[in-house]
Every structure is written in structure tokens, then in C-alpha cells.
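Heads up, the thing below is written out as C-alpha cells.
Order of the sequence lines fixes the chain letters, A, B, ..., with proteins taken first and strands second; residue numbering starts at 1 for each chain. Here the structure is a predicted model, which is why all the values come from computation and not from measurement.
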Amino acid sequence: MSEIQLKLPDGEIKTFPKGTTVGAILKSLEIGDSIIGAKVNGKLADFWFEVESDATVEPVTQNSPPGLHLIRHTAAHVMAEAVQDLFPEVKVTIGPVIENGFYYDFDFSSGFTPEDLEKIEAKMREIIKENKPLVRKKVSRGDAIRTFEREGETYKVEIINDLPPEEQITIYEQGDWHDLCRGPHAPSTGFVKAFKLLSIAGAYWRGSENNPMLQRIYGTAFSNKKDLEDYLTKLEEAKKRDHRRVGKELDLFSIQEEIGPGLVLWHPKGAKVRRIIEDFWRSEHERRGYDILFTPHVAKLDLWRTSGHLDFYRENMYSPMDVENADYQIKPMTCPFHIMVYKIKIRSYRDLPFRWAEIGTVYRYERSGVLHGLLRVRGFSQDDAHIFCRPDQIEQEVLGVLDLTVFFLKTFGFDDYEVYLSTRPEKFVGSEENWERATVALEDALKAKGLNYEVDEGGGAFYGPKIDLKIKDVLGRAWQCSTVQVDFNLPERFDMNFVGDDNKRHTPIMIHRAIFGSFERFFGILIEHYGGAFPLWLSPVQSRIATIGEEQIPFAESIYGILKENNLRVEKDFRNEKLGLKVREAQLEKIPYLLVIGNKEAETGTVAPRKLGGKNLPSMTAEEFLNLIEKENDPHKWREAGQYS
RNA sequence: GCUGGCGUAGCUCAGUGGUAGAGCAGCUGACUUGUAAUCAGCAGGUCGGGGGUUCAACUCCCUUCGCCAGCUCCA
């Protein structure tokens, strides 16, 4: 038998027979029982893995991320066994590990109830207590198919049939229950020391709505009770920052049944924040060479026939309305309007690029099940812009857009987002040459900005490659906000052109871009990001003056006047109430500064600022206060001010 | 749209077939107040809408609308 050289954690190189299992290797090292598996050349492996060539072996502990992966995968199996034990008619399908836990999809026509979850959990605890070893068995394709056919596990048979022919099929056994599975797993069920089943949801088999709907049970598992408790607490805390809840508590916006799902009412305070964002947005765009446009909410249907939206976007468009025997369409997009502005006269290569931006409200039909607070709605305002440029200007323009995007996200406090580059799909318009050029331009721009990105091969729209930025919401769901899309299609469809330096007509390149994506979505994410406690410059109410007694009201009024005069968003609380109550209310309303005025202050002509969170500042004059918050109140400088809590 | 769950006062929630309850908020009054809730009284709901079963429905059944989680789809 040949031998292999393994590099072990202490740096030592040891010789083992070829095919030695990870379990045997770890055992020879005599390391503690907190070891649950190993990484072999960086790849996660369980005790059954046979090492066939020279490799580096690093033990994996239970509470490390890869260790949790093994525990959760095993937890999924334990859950599946429990389910089949309690409900023998259930068929198993797949049960993978996901970011913070695991799920398993079952075919079960009657569906699970929340009470079933408790029963399943109880059964799982029994299985875990038995501490059954997970035994990996290599089986032939034929045996595997026969086994699962005999058991009526038709989904498993389907999976086996779809596996590549050279794939070694393995089954993991735990006692007398088994599952088709590639692994890796924890050594035994007892390693699932803390778990919780979280929710039940439907999920289509293989993710297609043409397939049967399965019952998915989500759960999570940890190596110890404390980590589980901490995780559950974190979930609770996250829920408190949910923009739907905060939006209601702070009276920022509402969505009402009487008005219609997915249609947002911006209340005074929410609208104030939006107006601040819009003002900032406009001034920054104009500073960077954009012009602002306004266009209608409806237009003749033919416009969308020309644009092609009627063909490929119809399912998201509302039905047309009849106006004097002509069909008009409420706009799902603003691009055709901007194109028509371009087309109104002959354009020269010298004119390009045009950067035209608009905060345009669009209406799109979304299936009822996908609506979600402000993050997914049916009427929303895009911070849309279209850049019309020459092919040789693409990179420079994209770079400009990325620069602006990163600047905006940073200004609003986002340093964490995912970036995707989507390349040419199978079906596409435009020349391969242009695609290549545009894709390289996007990629170069990303590199120039130093952004880490993932490539979504073939994920581009049919009309051009794109860059998407996604920000995560409080529950960890990623939402697309910013996007930069090169479009070879619309300039052709609308027969756009410009006169080049060769005196010939050329087709311009169109770049669609949005930074917030939609004001609604961005606002929702912003609310969650700050839990409603916006930085001073964005806060709808920046300060509130609280008097202690009646006799300070005249002085407090004069302070109010000064602050108002200086454009501070300030409110009065001159009620006959105790200071404790005024503090509490200001705190709950997340007002950055409460300016307390008692006799001491009135006598010295000062205010006593209390920061949101409880920090008391020394008494100071109104001018000193304005001076103090100057940086905080400046979108360009507030992050230098260092804090916003 | 699909699967499952939920819908009771402005908000958060009790109420398992016998004609609706609490806390907070609101209103009125008293208290004149120093850093997260002063006290008392009052008022407030055709129990999401419609239909059915029943002597009787918030409660059981059907249907419809909406919300929540997920799937699918997207800013």
C-alpha cells in the first residue's frame, strides 16, 4: 500500500497509508473531543473522508463556522428522521445548510402545524440523546435507486438519476434511518447540542413553480445552548429595528389596505427625511454634471411598444387606460421619456455625454406575495438617470457613476454591501464587440474603485451587462439598490443617433443607473440601518426644547426662535409635565438632542443639551450649541464628527 | 400567484359557542414638575369584509381582502 504525507496543525509532517480516514488521522493526534471534523487542503471533511494524496489537515472544532456547518447538516438529518418517524407518509427531498441554520424540504400533503414543530423537536431531542453515529456507506447507483424506490422516496431517486455518472453515491446512516447524502456530517447525532426549529414555509421542488409545493422547515443549531440563546436574542433585537415596525412607531409612513397594497403614504416626518435626501441628491448630481428632468406619469402605449417593454415587461405593467380612444400606459420605467428628450433634435458627438436624472415615480405590478414594507412595493420613486454617450466614453462614465455611488452610500453610513457584475446571457442584442467593450469597461471601473465583486456569469439583461449593488436588511436579506446597466437595445429601437467627427450617424450608448434604486427601498433600509435613530443631518426632528417650569417659557421661546432662524429642525415641549416624561418621549421618538431649560439655564441664557442615549452636555448658549452640531449637521462632514448615536 | 400562519380599541395584546377585556395612547380635571412613565375620572370596538351552521358565533364552516414567513419574481 502506498503512503501519503500529511501536514498537521503543529507543522509536523507525518506519513499515513493512502486512504486513511480523517477520523483515524485525528484519533492518532489525540486531540480533544471538541474536534468534529477537519479541513483537508482547506476543504471541509468529516471523519469518513479518505485522504488519497498528500495534504494539509487542519482539525475543525465544534463552534467554528465549518464545525457549525457539520452540526447543522446533521441537525437537518436528525429533523428528517424525526419527521419520518412521526409522519411515515412524508417523503424527504433535500436538506441543506444555509447561512444561519438549515432547512429540509418534505413532501407532505397535509402540511405541518406549529404544534407539529414542537413534537418534531421533542423527537429530535430523543434522537440526539441516543447519540447515534452517522455512518457513511458507499453504494452503487443501482443499489441506491433500488433502495429508495423500495422506500417510495421518489425525490431521492430523481436526484440520483440526475447525478453525474462518475459520482460516488453515498448514504449516511444513523441507526436504522438513512438518507442519500454527500456529507460531510458530524460523527454522531449527539453533536447537535442546541437547536431550534424556527418556521414552516412552502417551497417548490427544485425552485420551480411548475413543480409540486413542498413543506420546508427552517431551523438552526449550535454547539452549545448559549450560542443558540445569543442567536435567538439577536433575531429578536433585529426585529425591533424592522422598518415596518419603526416606521409605525416613529410615524414615518404607512401602507393601507384602503389605498392598496404596495402603495406608500409618506407621513410628515418620513417625507421630511425624503426631502432632505432629495435635496442632497439633486445638489450632488448637479455638481457632477447631471441635469434634472421631469417627465409624465403616463404616455401613449405605443411608446412602450417601441421600447419593447410591451413584449418583455408586460407582466409587470398595469393595464392601459383609454383616453379619447387612445391607449395610455402608466409608466413602469422612465427611460423612453429621456430618449425622447434626446431625439428632439440632432445631436453631435461634441454634445455627449448627456447625464439626465429624474426622481420619477413608476408603477409596476408585483405579485401579492412578494410585497414587503417599503422594500418591495408597487409604486416607487426611482433616482433614475440615463447617460447617453459614445462607446469610447463608457468606462469614464461608469467610473463616474461608481464614484458617485460609493460616495452616496458612504455619506448615508453604508460601508457594507455586495457588488455583482453580470455578464452576457445566452440571448442578447448588440454586437459581441460592444458587449466585450462594455463588460471590460464595467470591470475596469470596479477595479479602479477597488470594489470587491462577484461575477454573475450570463446574468446580465439581454440588452447589456450591468453592475448591481445590494444592501442587506435587518433580517439579512439582500436588496438591490444601486445599479449600472449598459444598454445596446433602446438606442437601436428608438433609432437614436449622433453625428460623429466623421460626419456620419452613429448610435449612442445608453447607460441606465440608479443609486438608491428607489427612495422607498432606500428609506426602508436606512430606517433599519439606524433603527430609526437617524444621524442629525437626516433626522426629521433634530432637537426639542423642554422646559422644566412655566416661568422659563418666554426664554425658551427666544431660544426656539434663534434655532429656527438657523434652520434647525426644532420642536417645543413646554407642557406642564415632569422632565422625566419629556426625556422619555424624546428618547422614544429618537430625537438627537433634547435641550433642557430650567431656571439655571434661563438665568444664564443657556440650554442644557441631552444627547439621544442619555449623555448630558454642559450648559451652553444657543450659538454654542449650533456651533457644536455644525459638523454633525453637514452631510459631507458628519462622519468625521465620529458619532451619531 | 403558490404553501403555511395571522387579522379583537389608535398601539401592544388577553378572551376555546352564552350578546367583548387590560395596559399604553386619547380626552377632562388635579398636580407646577431637573434627565426614560404624577394621579384620578371619562370615552373608545357592527372582533378585517361577506355568507353559512346554531336558540345563540370573536369563537365552528365557506368565501373574500389584507398582513407575516418562505418559494417564485424584481428597484
Parallel, tilted or perpendicular for A:Y463 and A:F312, by the 30°/60° rule? tilted

Step by step, would you call A:R288 with A:D403 a side chain to side chain contact (heavy atoms under 4.5 Å, CB included)? CA-CA 10 Å; A:R288 292 176 187 242; A:D403 192 63; 3.0 Å; yes

Could you state the atom-to-atom distance from [atom1] of [X] to [atom2] of [N] in whole Å?
X	N	atom1	atom2	result
A:M333	B:rA75	CE	P	7 Å
A:R245	B:rU12	CZ	P	9 Å
A:L581	B:rA36	CG	P	11 Å
A:K248	B:rG66	NZ	P	17 Å
A:E209	B:rU72	CD	C1'	5 Å
A:D116	B:rG4	CG	P	13 Å
A:D105	B:rG4	CG	C1'	13 Å
A:I255	B:rC67	CD1	P	8 Å

Using purine N1 to pyrimidine N3 plus N6-O4 or O6-N4 for Watson-Crick, or N1-O2 and O6-N3 for G-U wobble, both under 3.5 Å, which nucleotide pairs with [N]?
N	value
B:rC47	none
B:rG23	B:rC11
B:rU53	none
B:rG1	B:rC71
B:rU28	B:rA40

Can you tell me if the side-chain N/O atoms of [X] get under 4.0 Å from OP1 or OP2 in [N]?
X	N	result
A:R244	B:rC68	yes
A:T483	B:rA75	no
A:Q480	B:rA75	yes
A:H372	B:rA69	yes

Which residue lies toward the 5' end of RNA chain B, A:R477 or A:N316, if each is placed at its nearest nucleotide? A:R477

Most 5' of A:L374 and A:L214 on RNA chain B, judged by nearest nucleotide: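 Residue closer to the 5' terminus by nearest nucleotide: A:L214.
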
Of all the choices, [options], which nucleotide is nearest to the side chain of [X] once you look at every atom?
X	options	value
A:M213	B:rA75, B:rC71, B:rU3	B:rU3
A:R610	B:rA36, B:rU72, B:rG34	B:rA36
A:R367	B:rC74, B:rU72, B:rA36	B:rU72
A:K578	B:rC73, B:rG34, B:rU33	B:rU33
A:N599	B:rG34, B:rC74, B:rA69	B:rG34
A:V377	B:rC2, B:rU33, B:rA75	B:rA75
A:R521	B:rC2, B:rC74, B:rA37	B:rC74
A:S368	B:rA69, B:rG1, B:rA36	B:rG1

For the [atom1] atoms, the ones on [N] and on [M], what distance do you get once it is rounded to whole angstrom?
N	M	atom1	value
B:rC42	B:rG23	P	12 Å
B:rG15	B:rU8	P	13 Å
B:rU32	B:rU46	P	40 Å
B:rU28	B:rG34	P	24 Å
B:rA57	B:rG70	P	39 Å
B:rC58	B:rU16	P	14 Å
B:rG51	B:rA40	P	44 Å
B:rA9	B:rG1	P	25 Å

Are A:R216 and A:Y103 in a cation-pi contact, defined as NZ or CZ under 6.0 Å from the six-membered ring centre and within 45° of the axis?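 Yes - A:R216 lies over the ring of A:Y103, closer than 6.0 Å to its centre and within 45° of its axis.
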
Geometric cation-pi criterion, A:R72 with A:F222: 6.0 Å, 45°: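 Judged by the rule (NZ or CZ under 6.0 Å from the ring centre, within 45° of its axis), A:R72 counts as positioned above A:F222.
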
May I ask whether A:Y218 stacks on the base of B:rG70, given the cut-offs of 5.5 Å between ring centres and 30° between planes?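 No; centroid distance or tilt outside limits.
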
Please tabulate, one pair per line, each protein N/O and nucleotide N/O from nucleotides 61-65 of chain B that are separated by under 3.5 Å, including the distance.
{"from": "B:rC65", "atom 1": "O2'", "to": "A:E257", "atom 2": "OE2", "distance (Å)": "2.7"}

How close do A:A546 and A:L594 get, counting heavy atoms only, and between which atoms?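 Distance-wise, the nearest heavy atoms are CB-CD1, 3.9 Å.
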
By the 4.0 Å heavy-atom rule, please label [X] as base, sugar-phosphate, or nothing.
X	answer
A:G598	base
A:E551	nothing
A:G369	base

Less than 3.5 Å apart, any donor N or O on the side chain of [X] or [Y] sitting next to an acceptor on the other?
X	Y	answer
A:T295	A:K331	yes
A:T423	A:E457	yes
A:H512	A:T483	no
A:Q480	A:Y420	no

Regarding A:R513 and A:E397, does a basic nitrogen lie under 4.0 Å from an acidic carboxylate oxygen?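 Salt bridge between A:R513 and A:E397, a charged N being under 4.0 Å from a carboxylate O: no.
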
Measuring from atom [atom1] of [X] to atom [atom2] of [Y], what distance do you get when rounded to the nearest 0.5 angstrom?
X	Y	atom1	atom2	result
A:K449	A:L402	NZ	CG	8.0 Å
A:W205	A:Y155	CH2	OH	7.5 Å
A:Q382	A:E520	CD	CD	10.0 Å

So does A:E601 reach the base of B:rG34 with its side chain, donor to acceptor, closer than 3.5 Å? yes

Using only heavy-atom distances, decide whether a donor-acceptor pair under 3.5 angstrom links the side-chain of A:Y204 to the base of B:rG1. yes

Verify salt bridge (Lys or Arg N to Asp or Glu O under 4.0 Å) between A:E278 and A:R282, making sure each step is shown before the conclusion. CA-CA 6 Å; A:E278 283 188 7; A:R282 276 196 199 91; 3.4 Å; yes

What does the B/S/- profile of nucleotides 41-46 of chain B look like, 5' to 3', with a 4.0 Å heavy-atom cutoff to protein? ------

